[in-house]
Structures are given as C-alpha cells and as structure tokens.
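This structure is a prediction, so every number in the text was calculated from the model and none was measured. We count ligands from 1, going down the list as the structure has it; atoms in each ligand are counted the same way. The first residue in the sequence is number 1, and the count goes up from there.
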Amino acid sequence: MSVKKSTRRSGIKIMSSLILLLGSLSYIMLLAVINGSAGFICAMGITLFGAIGIAKVLGETIALSYGMIAAVAVVCGAARGLLRYIEQYANHYIAFRLLAVLRDKIFTALRALSPAKLEGKQKGSIIAMITSDIETLEVFYAHTVSPVCIAVIVSLCVLIFVGTKTSWWLAFVAMLGFIVVGIVVPVISSDKLKASGVRYRAEFASFNGYFLDSIKGIREIVLNNAGENRKKELNRRSDILLEETKKMKRDIAETAATTELCVSIFIVIALIVGILLVVKGELSIGKMVIGIVAVFGSFGPVIAISALPGNLTQTFASGDRVLDLLSEEPEVSPVDDGKNITYNRLDVKNLSFSYDGQTQVLDGVNFYAEKGEIIGIVGKSGCGKSTFLKLLLRFWRKNKGRINYNGIDIDDINTESLLDNVTMVSQETYLFNETVEDNLRIAKPNATTEEIEDACRSASIHDFILTLPQGYKTKVGSLADNLSAGEKQRIGLARAFLRGSELVLLDEPTSNVDSINEGIILKALKEQKRKKSIILVSHRESTMAIADRTYQIEDGIMYEQSRKET
Ligand SMILES: Nc1ncnc2c1ncn2[C@@H]1O[C@H](COP(=O)(O)OP(=O)(O)O)[C@@H](O)[C@H]1O
Ligand SMILES: [Mg+2]
C-alpha cells in the first residue's frame, strides 16, 4: 500500500486542471468570453462614437455622417445590453451546471474510494470539500476565468485600436496602465488581502462553532447557571469578529482605492501625452480626443480582475484539495467481470493482511463458516477482528491467502454479487434523516410492505415501530435522539435481514446496548441462523454464549477455540 504524498501543484497546473474539468461546458465559457468582450467593446463604443462625432466637428475626416455616428452609438448601447445578458446567462449557466457536475464527480470518487480510503480521512474535511470547496470553485468558474479572458481580449483590442487609429504612444501609456492596474496592484495587495481573509474566516468559523455549541448545550448552560459567562464570551468573540471584519473591509477598500487612483493617474498621463503630441504636431486634436476617450473607457475589464486575488489563493487551495481527491487511486477497485455467487459456504485459507506493509494484522488465518451456524470471534481490542470482517467484504484487498465463497476466490467474484450475499451490521447503526421505512428500504429499494414488516418482526422491532407516532412513516434522524442505541441496532438488524444476505457479519452489535436489547438481538439471530451463516464479533461473554463455534485472534493468528455440542 502506498502512502500518498500530497504534492503541491503550481497555480498554473491547478488552473489548467480545473479548466479541463469544464469538459463540454468550455464551449459555453467561450460564448461567455466572446459576448463579454463584445459587450465591453460596445460599451466603449458609445462614448467612442461620441468622441468620433466631436472629432468630425473638429474637422477630422470621418467617413460616417453624423446621423450614422449617432445610429452606431445607439446600436452599441442596445447591443451592450443584449451581450451582457448573454454573458451573464452563460456564466451562471456554467456555475450551476458545474456545481452539479463537480458534486457528482466528487461523490463518484468518494464511492470508489470508500470505505478503505475514507477510514483515514476526516469526515469533516470531506464535508468541507463537498460544500465550501466546491462553492469556492464556482466563483472560479463563473467569476474568474471569463473576466480574465475578457480583460486580455478587450485590452488588446483597445491597444490595437488606439495604436493604429491615433498614436502608439497613447497605446503604450494605456498598456502600462493595464499592467499596473490588472497585474501589479493585484499582486502587491494579494498578500495583505489573503492574510486578512484568512484571519476573518478563522474568526468567523470560531464564532460560529462557539455559537452553535452554546445552542446545542443550552440545557447544560441553564442547569449550571452559566449563561452570564457564556454571554460574555460570546460578546467577546463577536467583538473580535467585528474587528476582523472591519480590518478586512478596510483592506479591500484600500485596494479598491489604490486601483482607482492608478486608473486616474494613467488617464491623466494619457491626457498629458495626448496634449504633447498635439503640441508637437504629431496628432490632430480630433484623433487625440478619440484616443483619450478610448483609453478612458478601457479600464473596466482590468478593474474587474483587480478584485480577484483575495479569492484566488483560496480558490487554488480548494482546487488542489478537489483535484487531490479526484486523482486518488482507490484501494480496491470493484470487480465487474467476475462470477456471481449464491452463498453457500465460506473458506478462508492462510489469509494474511497488513495495512501498512509492515505490521502484520492477520497472519495465516484459517477459518470456515457453514450455513446454519453462528460463529463467534473474540480477541483483544485492536487484534484485527473488524479487519477480518472488512476483508470478507473486500473493503480492503487481502495480501495473501484465499477467501473462498463456494470455492471461488473473493477477487474473482463480482462486487455487486458479493454485497448481495454478504452484509454487515456494525457497532452503531447509522439512521438517515428519513422515515423508518425509508431507512429500511435502503437495504432493498423495491421491498414490499410485508417484506419490511417481516424483517422488522425478525429483528423484534416491529412492535416498537408501531408505537411511534406515525409508525413506519415516522421520521428518525441521526440528530433526533428519539431512539435508543438498542432500538437503532435492531433497525440495523432488520436492514440486514431485509437485504436477505445469507452471510451476516456482526461487528460488536451489542456492545452499546443494554442487556434487554442484547437478549432481543441474540434471540433474533438464533432464529435466523437456520437459513444463514452468522459471524459474530464481540467481547461480551453473554453475547458469545450463543455461538456454535468460537475463534480467537491473538497476535495475528486465529485459533479455533471450541465446538459447542448441540
Ligand atoms: N484503516 C486502517 N489503517 C491502518 N491501520 C488500521 C486501520 N484500521 C485498523 N487499523 C489497525 O489494525 C489493527 C486491527 O484493528 P481492528 O481490526 O479494528 O481491531 P479490532 O476490531 O479487533 O478491535 C489495529 O492495530 C488498528 O490500529
Ligand atoms: Mg473492531
């Protein structure tokens, strides 16, 4: 197994990879860029044709009549509106499409990586990725790529126009202005903006965390009469957050002011250069007016990109994380060109496994299971019991030996077929924030009501469900603590029964439940074992009493302990 080093990508690499993710949406991006550029040029056209009119008055030879000039300016105005609309529409179309596409990609990647690769990753960071990282990328796609392209295109057009139609000196001044406003100022201010942005987000997260925590724990706060202190602390943090917000806004405002100042300076320089050229007789007054107006109106697109750097560093970090996840190789790839099975028996021979290639968790394990028996597995915490069950489900790939279902090795069995035949109930059952019925149906989407109720009867949870306010239609959630651990486990068991798998793996199913629930669960298992193989991991002796045979794992080796006479 390789431990993946996280190699930092360069900004360019991240950008190009992210743009590649666009796929067929890149045509729409192109549409947005073309329309956005044309829109800006039309906007400039309105004042520019005004200037051309003035130049004509000043005696410049202009091929257009005054009527035509006015008409073109009006057309520019109307076209500006339409082009801007198309650009915005295209940008937001891309943005919302991409949210869907990226979530889908990430979810697909997570599915392939789970469960092995996700064990190590913090759930929180994955949630952050699915929510905020993707949100950040949306900003990149909708509000970064096209503005940058538009700025480059429009600026080039302006330079060429000003250079060829008026003076290359004016074009040169404009170019310096574009470089300072669009590149130099953003680069210089980016560190400051980044720092204040990071501080703001950290305070924001900390305040939110504290606030939510206080609401969740409000009962403890009231019981301990700790409200006053809590309020003080909340106020303190709120003040810090306000302070950071002010600082950040001030930094943003300062940058914006610097940008505006630079724009004004370059317009003044252009004006001076224009006047000098007129004085020297190198440029007519009419052309000077046209050139200056063109330069004057051309800073819009570069101003738009000067606002980007605050977001850009965050975007790159988010993009890097998303790309990391998308490029991660799964530990186990699903088998889909293998055989299908109908479980009959399990033989494990000489099975060895290590997570890191160094510490041997399982070493030459032999094991078998037949239908109609409950097999217990015991052993100290950390000895590899859960690992053994995960190998039986092919959540991880074995290093050596064989895991044979009906004589066929697990690596040659189609993953879907394997998961149809083998199911697991773990220490805690996760219930989705849906109805009881939906929570059961996840095991068998097209199950009939009878099947669902039968499974629940087998798991001794049917009568309890009927006592809930809306029976099977009652909403249960991971957040709603209205079910006890034992009840949740019994729903988990019902899920496993509904799934109909003939090999049921139970990983410490009773470790969090009281003895009444333990009794109920064990009774349910005993009734099911006629038709199935049940492998039961537990450290509770009371639970193990039900096993027909027991194995013990010690130092990676599995010993068969005893055979109960039945
Ligand atoms: N995903 C993992 N990556 C690396 N090591 C792991 C992983 N899961 C478990 N281990 C290690 O493997 C050993 C066996 O763990 P486990 O099978 O969970 O034990 P048990 O279920 O018997 O308590 C432990 O030393 C544990 O730290
Ligand atoms: Mg375990």
Exercise for the section: Consider ligand 1: state whether an atom of it lies below 4.0 angstrom from any non-hydrogen atom of Gly379. Expected result: no

Handout entry: Heavy-atom proximity to atom 15 (O) of ligand 1, best of Val537, Leu389, Thr387
Key = Thr387

Practice task
May I ask you to check if any N/O/S atom from Gln427 comes under 2.8 Å of the Mg ion (ligand 2)?
Solution key: no

Completion exercise
Looking only at non-hydrogen atoms, the one of Trp396, Phe395, Tyr355 nearest atom 4 (C) of ligand 1 is Tyr355

Practice task
Applying side chain to side chain contact (heavy atoms under 4.5 Å, CB included), run through Asn91 and Tyr141 and close with a yes or a no.
Solution key: CA-CA 8 Å; Asn91 271 342; Tyr141 287 116; over 6 Å; no

Completion exercise
Nearest heavy-atom approach of Thr510 to Ser538 is OG1-OG, 4.1 Å

Exercise for the section: Indicate yes or no: at least one non-hydrogen side-chain atom of Leu98 is less than 4.5 angstrom from one of Leu22. Expected result: yes

Handout entry: Note, Ile410 side chain near Leu393 side chain (heavy atom, < 4.5 Å)
Key = no

Handout entry: Nitrogen or oxygen of Ser386 less than 3.5 angstrom from that of ligand 1
Key = yes

Exercise for the section: Flag yes if more than 12 heavy atoms outside Arg457 fall under 6.0 Å of its CZ atom; otherwise flag no. Expected result: yes

Handout entry: Contact atoms of ligand 1, heavy-atom distance to Lys385 under 4.0 Å
Key = 17 (O), 19 (O), 20 (P), 21 (O), 22 (O), 23 (O)

Practice task
Start with the C-alpha gap between Tyr551 and Tyr559, add the side-chain angles, then the distance that decides, and say whether ring pair (Phe, Tyr, Trp, His ring centres under 6.0 Å) holds.
Solution key: CA-CA 5 Å; Tyr551 289 87; Tyr559 306 95; 10.0 Å; no

Practice task
Give yes or no for whether the N/O distance cutoff of 3.5 Å, strictly under, is met between Val361 and ligand 1.
Solution key: no

Completion exercise
Among Gly382, Ser381, Ser354, closest by heavy atom to atom 14 (C) of ligand 1 is Gly382

